[in-house]
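Data block below; observations after.
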Amino acid sequence: AIGTIVAFQIPDKFPASARIYVDTQSILKPLMAGLAVQPNVDQQVTMLSRTLISRPNIEKLIRMADLDLKSSTKLEQEALIDTMSKEVQIKSAGRDNLYTLEYANSDRDKAKRVIQSLVSIFVESSLGASRKDTDSAKVFLDEQIKNYEAKLEEAERRLKDFKLKNLE
């Protein structure tokens, strides 16, 4: 009887999770540029967690999931950020570059919103990185085209000079 009463007193926790594919090489490569030894999977998960669950991303997550509606003071907002940083977890799903995002809360809808918002943040950040990569590749190609145009014009000028000197 006591065990039943205690069991009913424990609040329900609703876990929400999502499995995502993250190209760790594109995200972690700049961070690991100076390392001689490549980290193992656990170290990669830790680095990925620190990179993707950063303070700006947690703040964005809180706004997207409407968790900041109840916090009115700066102190409450800081506490919420700290709590979310600890409760949102990234774990390796066993395969390369496949990760599980996990969050549990007593409110089922809140847990679901948090995970959906976190997935949205990851998608937006990866799209932003792809756009930056595309833009930098375009700039690089434009510079290369200009260099080759200059070289071609110089070669054509030298050919013209050679033909003028050696008309006979």
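Side-chain atoms of S54 and I58, non-hydrogen and from C-beta on, never get closer than 4.5 Å to each other. Residues I5 and I2 have side chains not in contact (no heavy-atom distance under 4.5 Å, counting atoms from C-beta outward). A 4.5 Å side-chain heavy-atom check between K13 and N105 finds every atom pair outside the cut-off.
A search for side chain to side chain contact (heavy atoms under 4.5 Å, CB included) contacts involving A79 returns nothing, not counting sequence neighbours. Scanning for side chain to side chain contact (heavy atoms under 4.5 Å, CB included) contacts around F162 gives N166, with sequence neighbours left out. Scored by the side chain to side chain contact (heavy atoms under 4.5 Å, CB included) test, E149 finds I145 as partners (sequence neighbours excluded). With sequence neighbours left out, E156 forms a side chain to side chain contact (heavy atoms under 4.5 Å, CB included) with L152.
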Where do E143 and K146 land on the salt bridge (Lys or Arg N to Asp or Glu O under 4.0 Å) test, with the steps shown first? CA-CA 5 Å; E143 288 174 3; K146 287 179 184 176; over 6 Å; no
What's the verdict on side-chain contact (heavy atoms from CB on, under 4.5 Å) for L80 and I62, showing C-alpha distance, side-chain angles and the deciding distance? CA-CA 8 Å; L80 182 60; I62 289 170; 3.6 Å; yes
Kindly indicate, with the supporting measurements, whether the criterion side-chain contact (heavy atoms from CB on, under 4.5 Å) is fulfilled by T100 and I90. CA-CA 6 Å; T100 303; I90 296 180; over 6 Å; no
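Two different hydrophobic clusters hold F14 and I115 under the rule that ILVMFWY side chains link at heavy-atom gaps under 4.5 Å.
Evaluation of the salt bridge (charged side-chain N to carboxylate O under 4.0 Å, His left out) test over residues 75-84, restricted to residues two or more places apart or in two chains, returns R55-E78. Sorted by first and then second residue, the salt bridge (charged side-chain N to carboxylate O under 4.0 Å, His left out) pairs with a member in residues 102-112 read K91-E102; sequence neighbours excluded.
With rounding to the nearest 0.5 angstrom, the OH atom of Y103 is 8.5 Å from the CG atom of L61. From N57, atom CG reaches atom NZ of K60 across 7.0 Å, with rounding to the nearest 0.5 Å. Distance check: L67 CG to M84 CE gives 5.5 Å after rounding to the nearest 0.5 Å.
Of all non-hydrogen atoms in A65 and R113, the two that sit nearest each other are O-NE, 3.0 Å.
Surrounding CG of L159 are more than 12 heavy atoms belonging to other residues, nucleotides or ligands, all under 6.0 Å away.
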